[in-house]
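For the single chain, residues carry numbers from 1 onward in sequence order.
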Amino acid sequence: MLQIIPYPKYVVEKDGVFTPERYLKIKSDFDLPLLKDYFSFSDTASIKVIKDDEMSKEGYKLSVSENEIIILASTKTGAYYAFQTLKMISENDLGKREIPCCEIEDEPYFSWRGINVDESRHFFGEEQIKKIIDYMFSIKLNVLHWHLTDDNGWRIEIKKYPLLTEIGSKRSYTHIGGWKSFKFEKKPHSGFYTQEQIKDIIAYASERGIEIVPEIDFPAHSISAMAAYPWLSCFEEKQEVVGYFSWNYPKYKSLNFRANKTLCLGKEEVYEFVFSVLDEVCSLFDSDYIHIGGDEAPHSEWKRCEKCQSVIKENNLKDETELQGYFENRVFAFLKEKEKTPIGWNEIASANNLDTNNKKAVIQYWTVKRDKNAESYVNSGGSMILSNHQSFYMDMPYARYPLSNTYNYDPADYGVNNENLKNVLGVEGEFWSEWIRDKKKLEMQMFPRIYALSEVGWLPKDKRDYENFKTRWNSKKPLLEQQNINFAEDEIAYAENKRTSKKIVYKFTHGNPYLEVELNDKYKAQRRNKNEI
């Protein structure tokens, strides 16, 4: 079997091989600048890329014979995907290895195949985000959901409100030791992207067929904004950017914050702020979508706030849940004027007064517990992205959610019946960075999970084979090692020992979120020593 991830829709292996010339030439109907370092372009070439408008947007046909390679695609993204497949079946660097003769026809199962990278909790920077985009491109993922704001740091320049980055991008300490720990490191953490940097990253992703969808979190997860502009909160209390990641925080007098704060929804100036921020974001990002968060919004301050209660009374709202629905409706209307489609976490579906403009808004379903409101939404025609915690929260320990949880994902397990799969845009893996501080852990959480995610995005459940996938994944490990990419060893990724797994999960929560990284280093050393014997 050809060692391809994600595995194509249709494959026929044939006898013989195509032997690349020393200097490979391409004749292409598309401008393919990403290939110019590896190939020359000529009208007389053994590799031909032909534009075929009958193909789907990301689909391609690949025919490898002993004498030539023919690629059919309707877009350059489809053509690039064909070259990624060629690279995989040649096992390494195209142009140095023989390529087995074959016929391949392929197109993705889901149109949305994404990952979410959280840079609020820990900021990675431009070089690392471009590496992530390269990883995505290599396995045909096409959406980077970029979580740029949260309580713990504001990471995007907004020219109208400069204090968002002058104050909101910096914190003086960071929670360490896991969710149940009360430890913190008194060390500054900061960073943000200028609008020029963001434009550059968007262009970099776009050339690789990747759409960047920004998430600007409102009305909760906004304390970094309130640290910069205290008038955004109900009671205008001065506080610093939150370095704690759990709401179960200690009452240290030296830490000036309250973690259950939300934007005040009773002040018109707050709405003006939100619209002004989103206006700059909409102008900056070329995506059709803007993610507005909306999750985990506590009601305690709204209940005590006279201005919020006045809005509830004046608009005949039932309660604070409908107050958030009122807020989301105004944001939806603003984004509609900007010709953008809003995305919100599934908590927003709990508001009975939510106006989604004939279900044009997108619900992103994440919660650990089943959400009947979200399931009703998608099964009655609403659009949905699936990122259910048990399968796609890739920041969690493998000991809690082994690789099989991702690979064997079935939307039916979360209330999406086959009849309404047409309403699902696709799937997305979440890399929340509370406990991911560096490249080493980020990569271990990604590999091999994003390979499994990609195959879920390209193949329906009945076409996937987990044991076969593991064999193909094994074939990719030498190349990742050659590239110095840290992946999860089998003992970590498959997490088969339940007793050991429980101990690791406990440690992750109560003391050492890096325990799996340390164990992975040990297993990696053992494997290398064994291979050297």
Side-chain angles (χ1 to χ4, degrees), residues 5-6 24-42 45 47-53 55-62 69 71-88 93-95 106-108 110-117 119 124-146 148 156 193-214 281-290 340 426 428-429 446 450 453-454 457-458 483 485:
I5 300 175
L24 270 173
K25 297 178 181 178
I26 298 176
K27 180 182 179 182
S28 176
D29 291 342
F30 301 100
D31 180 29
L32 301 172
L34 299 180
L35 301 181
K36 289 179 179 176
D37 288 343
Y38 309 99
F39 305 95
S40 61
F41 288 76
S42 169
I47 300 178
K48 299 178 178 66
V49 182
I50 301 168
K51 190 175 192 297
D52 182 351
D53 291 330
M55 301 291 297
S56 63
K57 179 183 175 183
E58 296 178 298
Y60 64 91
K61 289 182 181 178
L62 171 63
I69 295 174
I71 292 168
L72 302 180
S74 65
T75 66
K76 71 176 181 180
T77 297
Y80 277 143
Y81 285 171
F83 278 97
Q84 294 291 11
T85 297
L86 272 177
K87 186 176 181 181
M88 283 200 174
D93 187 9
L94 189 59
D106 204 8
E107 63 180 355
F110 285 122
S111 63
W112 185 293
R113 306 176 308 281
I115 64 171
N116 170 24
V117 177
E119 288 207 73
F124 300 120
E126 187 171 358
E127 181 181 352
Q128 185 60 51
I129 208 71
K130 285 183 175 178
K131 283 184 180 179
I132 291 169
I133 289 168
D134 289 339
Y135 301 154
M136 295 173 66
F137 181 48
S138 71
I139 53 172
K140 308 176 182 121
L141 297 176
N142 68 346
V143 179
L144 173 61
H145 169 181
W146 205 2
L148 289 166
I156 176 173
Y193 293 100
T194 67
Q195 293 196 3
E196 288 305 310
Q197 285 177 308
I198 287 175
K199 288 176 184 176
D200 177 63
I201 292 167
I202 291 170
Y204 188 87
S206 180
E207 182 57 39
R208 291 154 179 78
I210 294 170
E211 179 179 7
I212 298 186
V213 177
V281 171
C282 289
S283 297
L284 192 56
F285 287 85
D286 56 7
S287 170
D288 292 333
Y289 300 93
I290 301 292
K340 300 289 189 181
E428 182 180 291
M446 282 190 167
I450 61 171
L453 170 70
S454 179
W458 279 76
Q483 296 172 341
I485 293 173

Any side-chain heavy-atom pair of Asp31 and Lys76 under 4.5 Å: no
Residues, nucleotides or ligands: over 12 heavy atoms within 6.0 Å of Lys130 NZ: yes
Check: Tyr135 and Leu141 side chains under 4.5 Å, non-hydrogen atoms: no
Side-chain donor/acceptor of Gln128 to backbone N/O of Gly125, under 3.5 Å: no
Distance, nearest 0.5 Å, that separates CH2 of Trp112 from NE2 of His145: 7.5 Å
More than 12 heavy atoms from other groups under 6.0 Å of NZ on Lys36: yes
4.5 Å side-chain heavy-atom contact, Tyr80 and Leu32: yes
Glu428 to Asn116 - nearest heavy-atom pair and separation: OE2-CB, 3.4 Å
Greater than 12 external heavy atoms within 6.0 Å of Lys61's NZ: no
Nearest-0.5 Å distance, CG of residue Asp106 to CE of residue Met55: 8.5 Å
Check: Phe39 ring centre within less than 6.0 Å of Phe83 ring centre: yes
From Lys48 atom NZ to Ile69 atom CD1, the distance as rounded to the nearest 0.5 Å: 10.0 Å
Parallel, tilted or perpendicular: ring planes of Tyr81 versus Phe137, cut at 30 and 60 degrees: tilted
Lys140 side chain to Thr85 side chain, donor-acceptor N/O pair below 3.5 angstrom: yes
Over 12 non-hydrogen atoms of neighbours within 6.0 angstrom of CD in Glu127: no
Backbone N/O of Ser56 and side chain of Ser74: donor-acceptor pair under 3.5 Å: yes
Exercise: identify the closest heavy-atom pair between Asp29 and Ile50: OD2-CA, 3.4 Å
side-chain contact (heavy atoms from CB on, under 4.5 Å) between Thr75 and Glu58, worked out: CA-CA 7 Å; Thr75 66; Glu58 296 178 298; 5.8 Å; no
Pair Ser287-Glu211, side-chain donor/acceptor within less than 3.5 Å: yes
Donor-acceptor under 3.5 Å (Ser42 side chain, Ala45 main chain): no
Point-to-point distance, once rounded to the nearest 0.5 Å, from CD1 of Ile156 to CD1 of Ile198: 4.0 Å
Separation between NZ of Lys27 and CD1 of Ile71, rounded to the nearest 0.5 Å: 14.0 Å
Any donor-acceptor pair under 3.5 Å from Ser454 side chain to Ile139 backbone: yes
Heavy-atom check, side chain of Ile132 versus side chain of Met446, under 4.5 Å: yes
Straight-line distance of Ile212 CD1 to Trp146 CH2, nearest 0.5 Å: 5.5 Å
Minimum-distance pair of heavy atoms, taken over all atoms of Met136 and Leu144: CE-N, 3.8 Å
Under 3.5 Å: donor-acceptor pair, side chain of Tyr204, backbone of Ile133: no
For the student: nearest non-hydrogen atoms of Ser28 and Phe41, plus distance: CB-CE2, 4.1 Å
Asn142 side chain to Arg113 backbone, donor-acceptor under 3.5 Å: yes
Nearest heavy atoms of Ala79 and Phe30, plus distance in Å: CB-CD1, 4.2 Å
For Tyr289 against Val213, the heavy-atom pair lying closest together: O-CG1, 3.7 Å
Side chain proximity check, Thr77 to Lys57, heavy atoms < 4.5 angstrom: no
